[in-house]
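Since the structure comes first, as structure tokens, the remarks are kept for the end.
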Protein chains: 2
Amino acid sequence: MRDDDNTEEVTLGRIETEVALLMRLGEATRRATGTAEHRVLDRAAYVILRHLDQAGPQNVSALAARLNLDGSTVTRQVSALQRDGLIARTPDPADGRGTVISPTPAGLQRMAAVRAARTRLYGDILAGWTSDDRDTLADMLHRLNEALDARNRRR
Amino acid sequence: MRDDDNTEEVTLGRIETEVALLMRLGEATRRATGTAEHRVLDRAAYVILRHLDQAGPQNVSALAARLNLDGSTVTRQVSALQRDGLIARTPDPADGRGTVISPTPAGLQRMAAVRAARTRLYGDILAGWTSDDRDTLADMLHRLNEALDARNRRR
DNA sequence: TGATTTACCTGTACGATACAGCTATCTGGG
DNA sequence: CCCAGATAGCTGTATCGTACAGGTAAATCA
């Protein structure tokens, strides 16, 4: 193995380690932070509302495909969200099999509150960082997600 | 709100978004990739072995504290690992209540195999990236984890 | 030495998820 | 126009990771 290959290997190993650690810490942070105030919206519900807000009302299948989740999972999560009045189901006028999921005002408001709380949390966590570093972090995460997503869709 | 505050806010929002997305994609990737070959070692087991390998044999409580997990969770995971012959429990000679957990050779080998597979996976995912970008990504993730960890411990 | 703390385990519960199988609906080739 | 297959969504069931509460045994401290 040449030196180049080796340093590449080391970097990949570091990335692997850090991503694993981030998933773990992220979970822990969510648990620790969430319980008090914005556990009112668990992880899955939050991403669903985020996506509906950003991409507009859509049916369960589209949601599932976009979020890399099984349809049954989304069905249940949507049911819970509906029970809590955070989304509404309307029959799809163009397809009798489908139902269109849209966020309710309450859902959007709840989502925004959680989002704001999380943003504040990151402000706290990254308090000592420069603007440049924060930008770089955001860019790198974005590019990593793109790469991961591309890979997931390819398979 | 001044402009500066606003752009800061935007960046924090991006970071929040990207971390949430990464957690989701990471899970999806783990599920998709894992089933075939290295589902032989689920997420929790892998981090435990990683930590034992890196920080040396230790008892359940220390492990739980380090991994931000409840003791009962670690107890069960350790039991599963022991059942599979990947770790060994020995009574703590210095404390009759404790048991020291150490990885077995089989455990280390299994861990290394998973690690290698994941490293390969990242090599695949980041195939188009320059060395510099990979380094930057690794650095940023590392710093983010440090910040998260510091914050978790503070609370 | 007795009270408190610590280390671990067990019972129980919950959330997130997948897969298999069901029904209702849609769609395209004869 | 009609039926065969595809698709959308739901329900049953199972698994994993996790937490919390409560129990027992050992350690420690006043």
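Computed from a prediction, not measured in an experiment: that's the story for all the values here. Every chain is numbered from 1, with letters handed out A, B, ... down the list of sequences.
- One donor-acceptor pair, N or O on each side, does fall under 3.5 Å between the base of D/dC20 and the side chain of B/Ser72.
- Toward the 5′ end of DNA chain D lies the nearest nucleotide of A/Val74, the other residue of the pair B/Thr73 and A/Val74 mapping further downstream.
- With A/Tyr122 as the aromatic partner, A/Arg134 does not meet the cation-pi criteria of under 6.0 angstrom to the ring centre and within 45 degrees of the ring axis.
- Backbone-only contact: A/Asn59 has heavy atoms under 4.0 Å from sugar-phosphate atoms and none from a base.
- The side chain of A/Thr99 approaches D/dC10 more closely than any other nucleotide in the set D/dC10, C/dT17, D/dT18.
- Among the heavy atoms of the strands, none lies under 4.0 Å from B/Ser79.
- Residues A/Thr99 and A/Thr90 form no side-chain contact, since every pair of their non-hydrogen atoms from C-beta on lies 4.5 Å or further apart.
- The residue A/Gly71 sits apart from the nucleic acid: no heavy atom pair falls under 4.0 Å.
- Counting only heavy atoms from C-beta on, B/Gln77 has its side chain closest to D/dG17 among D/dG17, C/dC9, C/dT10.
- If you check D/dT18, C/dG11, C/dA7 against the side chain of B/Arg97, the one that comes closest is C/dA7.
- The residue A/Asp95 sits close only to the backbone: its heavy atoms come under 4.0 Å of sugar-phosphate atoms, none of a base.
- Paired with A/Leu81 under the rule side-chain contact (heavy atoms from CB on, under 4.5 Å), one option of A/Leu86, A/Thr104, A/Ile101 passes, and it is A/Leu86.
- Closest to the B/Asp70 side chain, of the nucleotides D/dA8, D/dC20, C/dA18, is D/dC20.
- With respect to B/Arg14 and A/Asp139, a salt bridge is recorded, a charged nitrogen being found less than 4.0 Å from a carboxylate O.
- Taking 3.5 Å as the limit, the base of C/dC8 and the side chain of B/Ser61 contain no donor-acceptor pair of atoms between them.
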